[in-house]
Amino acid sequence: MLKKKICLLGAPAVGKTSLVARFVRSIYSENYHATVGAKVDKKVVEIPGGTVELMIWDMAGDSAERLAHSPYVRGAAGHLVVCDGTRPETIEESLRLLAEVRSLFGDVPMVTVVNKSDLVESWKATPDVLAPLEKEAGLAPITTSARSGQRVEEAFATLARRISGVG
Amino acid sequence: MGDRAIQPGSNGGGPRNGHVSPPVPPSPAPPPAPAAGFEELRELLVGPEQAALQQLQDPERRVAEIAEALPEAIARRGTEDRLLLASLRPLAQETMTQLVKQRPQFFADLFSPIIAPTIRRSIAQAFEKTLEAIRRLTEQTFTLQGLKWRVEAWRSGLSVAEVAMRHTLLYRVDQVFLIHRETGVLLQYVFIPDAPGADSDMVSGMLTAIGQFVRDSFKGVDESQSLNAIRMGEFIVWIEAGPHAYLAVTIRGTPPADLRELLQDTLDGIHTLQAQQFESFQGDVSAFDVCRPELEACLRSESSAPLTKHNNRGAKLFVLALVLGLIAWLVTGAIQASHERERRRQLVSTLEAEPGLMTTFVDATSKPMRLRGLRDPLAADPERIIRDAGFKPGEVEARWEPYYSLVPAFVIRRAKQELAPPDGVTLQVDGTTLRAEGRAPNAWVVSLRRNARAIPGVVRLDESKLVDIDQARWRELAREMEAVMIRFEGTEDSLGQAQRDELARGARLAIEAAAASARFGRGTQIEVTGELFRASAVANALGATAGVPPAVTRAAPPRAGKEDTVSFRLLLTEANLTR
């Protein structure tokens, strides 16, 4: 049985917690963010050749950089880097975050997620804007909607495959 | 010696003064003399061996060679057998002993960083254990539990503190988490079957997060330290941290301090045995399945816990049973006491209903029951009455004083005993009056009169219906006597046959009357009345008859039609005048 710790990183209010909420049924309330500063959830994900149990660490933080330096991040097998498709500055922040994490933890698998795809009218994540993100992460970002659930499972499954070395 | 020069090649050959001379190659020389030739020949023949011999005898060289071979030699011998170890041990021990004696501070400095934390931890745990016991003892002192402990301490000879310690160190380890320190991933999880709990993986992650939270939130907590315990009421989480993993156990109750040691030992053992798995850990937790037996050994408990709900219920039931038992005992006691009181009251009633028995003091509550009273000698045996009432010997301590009861039955019985009435006499008691009825000799009547009032309960004697048969007989004889008449014809004064027969009848009556009056203490006298001469003649004639009481004559005045008759009358005299 494989168990892997993953972290959700990204600027505040990009929808990290909403993504987790969409992905798992948590036994812990959102209050943990305010009290302990982190919430750990679990999801068993199927991967080619078996399953992997993801321990998903969702942390509270006022900036992406601070999250990267959080002691909670240590030991993570991979990261889901989340940005907000309606706010291009969060994409910029994600780029810096990717570089920061790489400098801190080396070549750890990361999957970038551009959230809030349901907000079509204010969507600003054009392919041009997202191109640097794909280049930095080595993988095309996945556009998700925590509200509708669109591609949320795919985002986690992609990360699960990458950290398990099967994708 | 100082002026002596040592020539190379000259003999002497060996080392001098400890100095080693390197071998010298033969130098060109003039044609050898015979002796020199011999030396040269010898040099040629045994020179190399001599040189080798000199090298062997060179201490410095020998040391260098041994130093070179020594590590390998030790290693090889050490693998072959334990002789080398045995040889070195005394030497090493002696050396260590000397060193410790000579340089104690050196060793203190050397070991202090290693043993000081262990000592501190042991002391802290010992203090914690003691404080916990004191706290528990204080809480339990005035409870039913505390009293039970005191009784147990008294019975076992242990101190109360020791007993309290035994009982308070009760706990149960419900769950054991082996958690990867860096990632918070749950490596292994064991639990008792009915242990409730959330998803162990998430608990594991959150425990890690909380530990990190404490480290981040409070100053003075460095990275090497970790969360040690979480406590909420009776529920405790103990955490032992190791380099790669930590062990978290959930506990209910108050665990003993040695549980902490068990956790430490278990975690140390896992780190030792799984060092490689930790180093190469990539999320495959099945590598740690082998640790399950060690983790399951941490699921310890002491089951005789009085602090669990079950035992609290048991204690409540015990108290309830005690109270009910007490009530039952009190009720039973009250019923028995009531029954006993009634039984005693009945006995007293029975005794008092018995004629001739009277209780003057009763202590109905004492054991034995105490009784004081009066008993008429004629009354029934009170001991038999007590026995018949169901009292066993010793249950009643009775003392009776004699007295005379004045109930009529007893007065009658006593009168009959005392007076012995003859047949034909009946005695009755009416109040304080003894009534005698019937016919009785004068002697008994006299005795009755004399003794009746001496009988307890008799104040008056009623003999109105009692006939003194002796006096009655005398009166009857007296009446018959008055019917006896001796008639004289004409002037005749002498007694004829007819007169004599009548006189004899009168004499018999007089004799019997004298006997009758003698029975009631009186005498009888015959009064003869008639014409003087004739009366005197009759009196004389009577006097001549044996047994006749004395006669007195009385000249009767002549009565018409009676002047020729002599009559008789019997008189009672005070004394018996019978001759």
Side-chain angles (χ1 to χ4, degrees), chain A residues 1-8 20 24-45 47 49-61 66-67 69-79 104-105 108-109 159-166, chain B residues 177-189 196-219 221-227 230 232 237 241-246 248 277-292:
Chain A
M1 180 67 172
L2 273 181
K3 291 184 183 179
K4 298 282 190 181
K5 172 181 178 178
I6 65 166
C7 291
L8 270 82
V20 177
V24 302
R25 179 175 293 174
S26 178
I27 60 168
Y28 298 118
S29 78
E30 301 301 321
N31 291 335
Y32 283 81
H33 283 120
T35 52
V36 180
K39 190 160 77 75
V40 182
D41 288 305
K42 182 180 83 167
K43 179 81 173 182
V44 177
V45 178
I47 56 171
T51 57
V52 61
E53 187 179 294
L54 295 181
M55 302 306 302
I56 306 162
W57 286 58
D58 177 23
M59 295 150 287
R66 285 173 70 94
L67 279 185
H69 287 273
S70 165
Y72 292 141
V73 178
R74 268 181 310 192
H79 303 281
L104 287 170
F105 303 110
V108 59
L159 183 60
R161 284 195 302 274
R162 295 198 70 186
I163 60 179
S164 307
V166 292
Chain B
F177 300 80
L178 179 65
I179 302 171
H180 191 245
R181 181 166 185 154
E182 188 175 34
T183 62
V185 165
L186 182 64
L187 300 174
Q188 284 298 320
Y189 172 62
D199 185 295
S200 55
D201 285 300
M202 284 187 272
V203 170
S204 167
M206 286 307 294
L207 270 176
T208 309
I210 291 167
Q212 194 63 53
F213 158 74
V214 173
R215 272 193 295 272
D216 291 347
S217 306
F218 303 101
K219 289 181 179 176
V221 182
D222 63 41
E223 277 295 307
S224 64
Q225 292 175 311
S226 61
L227 193 63
I230 300 170
M232 184 172 287
V237 181
H244 296 290
Y246 54 89
Q277 284 81 350
F278 279 124
E279 291 293 339
S280 60
F281 180 66
Q282 290 296 321
D284 183 7
V285 297
S286 58
F288 295 92
D289 286 346
V290 295
C291 304
R292 292 187 71 85

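Chain letters run A, B, ... following the sequence lines, proteins first and then strands; every chain starts at 1.
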Exercise. Once you round to the nearest 0.5 Å, how far does CZ of A:R74 lie from OG1 of B:T208?
Worked result: 11.5 Å
For this session: Please name the residue in the list A:K4, A:K5, A:K43, A:K3 that meets the salt bridge (charged side-chain N to carboxylate O under 4.0 Å, His left out) test with B:D201.
Result: A:K3
For this session: With rounding to the nearest 0.5 Å, note down the distance linking NE2 in B:H180 to CE in A:M55.
Result: 13.5 Å
For this session: Side-chain contact test, heavy atoms from C-beta onward, threshold under 4.5 Å: evaluate it for A:W57 versus B:T183 and give yes or no.
Result: no
For this session: Can you see which heavy atom on B:D284 is nearest to which on A:L2, and at what distance?
Result: N-CD2, 3.5 Å
